[in-house]
Amino acid sequence: MSELTEEMRRHSAAHLTARAVQNVFEDVQVDIGPATDEGFYYDFDLPHRLSPEDFPKIEAEIKRLIALDEPFVRKVVSREECADMLAGQKYKLERLADIPEGEDISTYAVGDYVEMCRGPHVEHSSQIGVVKLTRVAGSYYRGDEKNKMLQRIYGIIAKDQAEMDEIVARAEEAKRRDHRRLGVELDLFHLDPEDPGQVFWHPKGWSIYVTLQDYMREKLVKDGYQEVNTPALMPRSLWERSGHWDHYKANMFITESEKRIFAVKPMNCPGALEIFKSRTRSYKDLPLRLAEFGHCARNEPSGTLHGIMRVRGFVQDDAHIICTEDQIEEEVAKFCRLLKDVYSDFGFDKNLLVKLSTMPEDHVGEVATWQHAEAALAAACKASGMEYAIQEGEGAFYGPKLEFTLIDALGRSWQCGTIQLDYQLPSAERLNAEYIGPDGQKHHPVMLHRAVLGSLERFIGILIEHYAGAFPLWLSPEQIRILPISDKALAYAERTRDALSAEGFRVAIDSSADKLGAKIRAATLEKVPYQIVVGPRDEAAGTISVRSRADGDLGAMTAEALIERLKSEL
RNA sequence: GCCAGGUUAGCACAGUUGGUAGUGCGGCUCAUUCGUAAUGAGCAGGUCGGGGGUUCGAAUCCCUUACCUGGCUCCA
């Protein structure tokens with residue numbers, strides 16, 4: 001018998017969920033219920049509207065079924081037998097019809113419940129462990145929005161109750177770190193329901209934003225980029241030439257002035273090419289790396305918006321590299337090095353996943369060109385010591401791409417960085433960018449679209465959750481808070497602040513009438529990295545009493561000693 | 001965009017079978033001038049998301065609309 005796997009247990013839990021739902025409710029049509037990375041789900045169609053209030057009933061039934069400890073029995077059946085068995089189950093019958101002629105059709109029975117299924121499953125239901133249903137959601141039949149929406153129940157499993165408690169605790173930790181919650185608590189930003197998907201950055205949030213942007217600027221300059229800025233509003237004629245009007249119009253915010261149509265840019269690439277085209281270019285200008293923190297707006301469907309992670313107005317750490325085909329490999333490798341360098345500064349250096357998306361069915365350009373491009377991307381990965389997985393046919397229609405996924409402190413993965421090859425946009429059919437080659441002839445360059453962080457909004461959302469709001473010193477909006485023990489120490493607190501501000505630190509004074517304990521509590525909850533307590537004793541001795549977020553009470557020291565410590569930490 | 005569930009004070013939430021709103025935190029004022037995670041007292045703050053309906057009467061029931069949440073789809 002094959003080894004018992006997590007997937008078998010999850011998939012078996014899905015079967016019992018289906019069985020339980022059919023035992024509890026009337027007229028249940030079942031579809032499919034696979035295991036997922038997290039747990040499992042099962043899709044149903046039934047007149048009753050499922051809600052989390054139904055979970056206890058269903059869970060109790062699952063528990064009862066598991067306790068029966070019945071064996072899962074596999075049986076290979078004929079198509080006719082299977083159809084008989086599935087009588088009345090329309091989704092299952094459609095799924096049966098999908099199974100190619102000649103392939104084995106297997107069923108799994110637990111007790112009196114039989115289901116058509118490829119398997120494999122556990123041997124006995126008790127091997128599943130503990131099952132908990134987590135949520136219910138709509139889901140299109142076969143994932144196609146033209147089809148009927150089924151009701152999907154998600155669930156998770158654990159070996160025993162203790163493990164389940166642990167899993168639930170981890171989910172609560174993720175909830176505690178939710179950037180939407182911390183963003184409000186730490187006064188970083190707010191979202192206005194009247195203006196969905198647009199972020200209002202408050203002083204502290206904007207401080208993080210600008211600090212992050214300045215950090216990237218420094219990296220870009222060192223890496224040979226030049227920063228530019230292009231208009232937020234550009235005319236329809238340009239979008240028609242770029243192809244966006246045909247392919248992306250539904251996602252663009254469009255406006256009109258004096259009978260001319262304009263659109264808010266959803267991407268910066270046409271702007272970059274307009275700069276390239278503003279004068280005659282030589283092959284000696286290549287590669288030309290143009291970075292732009294351009295504000296883009298995309299009219300994302302309302303259902304996809306999520307906090308500051310998925311918004312309609314955002315800024316990417318965007319850049320476009322205009323180069324020759326021969327330069328692709330070196331430019332991609334250079335980008336990979338930059339990306340690794342940046343990610344490691346945030347502690348994302350481990351488990352970086354790279355995906356290479358190749359030519360899709362619906363594509364433009366020659367197959368040979370695509371193969372050459374894909375090989376260049378693969379070679380660049382290898383050159384920078386990155387392993388990659390191939391996503392067959394997942395590339396954009398205009399070129400292949402690399403996508404970089406980082407893993408945060410909670411072990412969750414986020415796709416942020418990307419580099420995409422584009423033969424289309426600079427071509428004669430589109431924006432017609434040209435340079436003069438060594439041969440004196442005109443040539444079309446290739447364009448690389450790339451971003452390390454992706455959108456700053458989303459990346460900051462990830463950082464908030466990754467750090468649980470406790471930003472490293474360099475990113476903290478308020479690096480130091482001075483807590484005078486009473487008004488009598490206020491003047492000394494102000495002198496101390498001025499000394500630290502002069503060194504470039506972001507410092508605030510808590511001049512409220514609260515007692516020291518309350519001030520410490522407030523600063524601690526707001527995760528300020530350094531707190532300085534000052535009172536008459538310190539003033540007399542010319543020292544300050546320092547508390548660090550990481551190491552607690554550091555005792556008395558001079559302001560100079562603290563400055564030295566902070567500088568070494570930056 | 002689709003399905004489901006939500007929306008009550010700045011935030012977190014109560015609000016029993018319909019009888020016209022409460023708690024905590026926060027804010028403000030006053031008092032306290034205090035040495036390492038919450039000083040005390042008082043005050044203000046809500047057309048219960050918007051609109052329509054049922055009813056003598058709606059936060060509560062119905063319809064509609066906006067937004068939010070969870071998924072699905074999408075992410076040239």
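Heavy atoms only: backbone and side chains are in, while hydrogens, waters and symmetry mates are out.
Among U36(B), G35(B), A76(B), the nucleotide with an atom closest to any side-chain atom of H244(A) is A76(B). Among the nucleotides G35(B), A37(B), C34(B), the one closest to the side chain of S486(A) is C34(B). Here the nucleotide nearest the side chain of A518(A), chosen from A38(B), C34(B), C68(B), is A38(B). Of the candidates G70(B), G35(B), A76(B), the closest approach to any side-chain atom of A137(A) belongs to G70(B). Out of U32(B), C67(B), A37(B), the shortest distance to the side chain of P193(A) is found at C67(B). The listed nucleotides are U36(B), G70(B), C72(B); the one nearest the side chain of R180(A) is G70(B). Listed nucleotides A37(B), C74(B), A76(B) differ in distance to P301(A); the shortest reach to its side chain belongs to C74(B). Comparing atom distances between the T304(A) side chain and each of C75(B), C72(B), C67(B) picks out C72(B) as nearest. Each of G35(B), C11(B), U33(B) was ranked by its minimum atom distance to the side chain of D487(A); first place goes to U33(B).
A 3.5 Å limit on both hydrogen-bonding distances identifies G6(B) as the Watson-Crick or G-U partner of C67(B). Of the nucleotides present, C56(B) is the one that pairs with G19(B) by Watson-Crick or G-U wobble criteria, both distances under 3.5 Å. In this structure C43(B) sits in a base pair with G27(B), meeting the Watson-Crick or G-U test at under 3.5 Å.
When only modelled atom types and interatomic distance are considered, D422(A) and H449(A) share a side-chain donor-acceptor pair under 3.5 Å. Of the N and O atoms on the side chains of S357(A) and E394(A), not one donor lies less than 3.5 Å from an acceptor on the other residue. Y141(A) and D31(A) are not linked by any side-chain donor-acceptor pair at a separation below 3.5 angstrom, with hydrogens and angles left out of the test.
Close to G71(B), at under 4.0 Å from its OP1 or OP2, lies no side-chain N or O of S139(A). Within the 4.0 Å cut-off from OP1 or OP2 of G71(B), at least one side-chain nitrogen or oxygen of R135(A) is found. OP1 and OP2 of U32(B) both lie 4.0 Å or more from every side-chain N or O belonging to K515(A). Not one side-chain nitrogen or oxygen of H190(A) sits closer than 4.0 Å to the OP1 or OP2 atom of C11(B). At the phosphate of C72(B), OP1 or OP2 sits under 4.0 Å from a side-chain N or O atom of Y154(A).
Between the C1' atom of A4(B) and the CG atom of D45(A) lies a distance of 14 Å, rounded to the nearest Å. Remark: C1' of A76(B) and NZ of K265(A) are 18 Å apart, rounded to the nearest angstrom. With rounding to whole Å, Y398(A) atom OH is found 7 Å from A76(B) atom P. Protein atom NE2 of H306(A) is 12 Å distant from nucleotide atom P of C68(B), rounded to whole Å. Whole-Å rounding puts the I544(A) CD1 to U36(B) P distance at 18 Å. The CG atom of L525(A) sits 10 Å away from the P atom of A38(B) (whole-angstrom rounding). Counting to the nearest Å, the P atom of G70(B) and the NZ atom of K175(A) are 11 Å from each other. In this structure, CG of L191(A) is placed 15 Å from C1' of G10(B), rounded to the nearest angstrom.
Comparing G303(A) and E185(A), the nucleotide of RNA chain B nearest to each residue sits closer to the 5' end for G303(A). Summary of the strand contacts: M149(A) and Q420(A) both lie near RNA chain B, and taking for each the nucleotide with the nearest heavy atom, the more 5' one is attributed to M149(A).
Across all strands, P536(A) comes closer than 4.0 Å to base atoms (heavy-atom distances). Among the protein residues, G454(A) comes within range of no part of the nucleic acid, since none of its heavy atoms lies under 4.0 Å from any strand. Among the protein residues, A513(A) comes within range of the nucleic acid bases, having at least one heavy atom under 4.0 Å from a base atom. Using a 4.0 Å heavy-atom criterion, one finds that L305(A) contacts the sugar-phosphate atoms exclusively. Nucleic acid contact for R152(A): sugar-phosphate only, since backbone atoms but no base atoms lie under 4.0 Å from a heavy atom of the residue. Counting any heavy atom pair closer than 4.0 Å across all strands shown, D538(A) reaches a base atom. Contact annotation for G535(A): base contact, defined as any heavy-atom pair under 4.0 Å involving a base atom. Looking at heavy-atom distances under 4.0 Å, F397(A) makes contact with a base.
Under the 3.5 Å distance criterion, the side-chain polar atoms of K519(A) are matched with a main-chain donor or acceptor of D510(A). With E61(A) contributing its side chain and V24(A) its backbone, the two residues share no donor-acceptor pair below 3.5 Å. Using modelled atom types, one side-chain atom of Q151(A) and one backbone atom of L50(A) make a donor-acceptor pair closer than 3.5 Å. The closest donor-acceptor contact from the side chain of E331(A) to the backbone of L448(A) lies at 3.5 Å or more, if one exists at all.
At a cut-off of 3.5 angstrom, counting only N and O atoms as typed in the model, there is a donor on one side and an acceptor on the other between the side-chain of S545(A) and the base of G35(B). Side-chain atoms of Y140(A) and base atoms of G1(B) include a donor and an acceptor less than 3.5 Å apart.
Here the separation of U29(B) from G19(B), taken at their C1' atoms, is 36 Å to the nearest Å.
Open room surrounds CD on E38(A); 12 or fewer heavy atoms of other groups in view lie less than 6.0 Å from it.
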